[in-house]
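What follows is a single structure, written as structure tokens, with notes after it.
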Amino acid sequence: MVKKLDHIAIAVQNVEEAARFYRDMLGLELTNVEVVREQKTKVGFFPIGDTNIELVEPADDDSPLVKFLETKGPGIHHLCFEVEDIEDEIKTLLGRGAHLIDQRPRPGAHHTRVAFLHPKGTGGVLIELSQKPRT
Ligand code: ZN
């Protein structure tokens, strides 16, 4: 079950530089800057109400984000939906014929587990599913 829009991710060259607009112009607060090794990205979150803006920069030369920035430039990169149970959601989506990039969850930021859906099957939008760690 999809619970909510967890974040909208913006591809940037540099999190701290891009953060200036959100902080200085909009008065938002940057939290949780973190390198996600498994995804070769560095991320920073601006909480807004019940959701977040995620700034995401390549943390490695072979990060998939490098190519994205080269071809498309900075801008909206993906939407992330929080799900209750990611294994269950993947199974449901595969059963419905969805085109998933990850057929099993992988580690995301803040100890989440995530899986991506291919933009080819979603009308051109890269979609991330994310399950929060169980406490
Ligand atoms: Zn994300």
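Counting starts at 1 for both ligands and their atoms, in listed order.
- The atom of Glu54 that is an N, O or S and sits closest to the Zn ion (ligand 1) is OE1.
- Remark: Glu89 does not engage Lys3 in a salt bridge, criterion side-chain N to carboxylate O under 4.0 Å.
- Under a cut-off of 6.0 angstrom, the local environment of NZ in Lys91 is sparse, with at most 12 non-hydrogen atoms contributed by other residues, nucleotides or ligands.
- Residue Cys80 does not count as close to the Zn ion (ligand 1), with no N, O or S atom under 2.8 Å.
- The Zn ion (ligand 1) has an N, O or S atom of His78 inside 2.8 Å of it.
- By the neighbour-count criterion of 12 heavy atoms within 6.0 Å, atom CE of Met25 is sparsely surrounded, having that number or fewer from other residues, nucleotides or ligands.
- Counting just the N/O/S atoms of Glu128, the one with the shortest distance to the Zn ion (ligand 1) is named OE1.
- Counting only N and O atoms by type, the side chains of His78 and Glu54 include a donor and acceptor under 3.5 Å apart.
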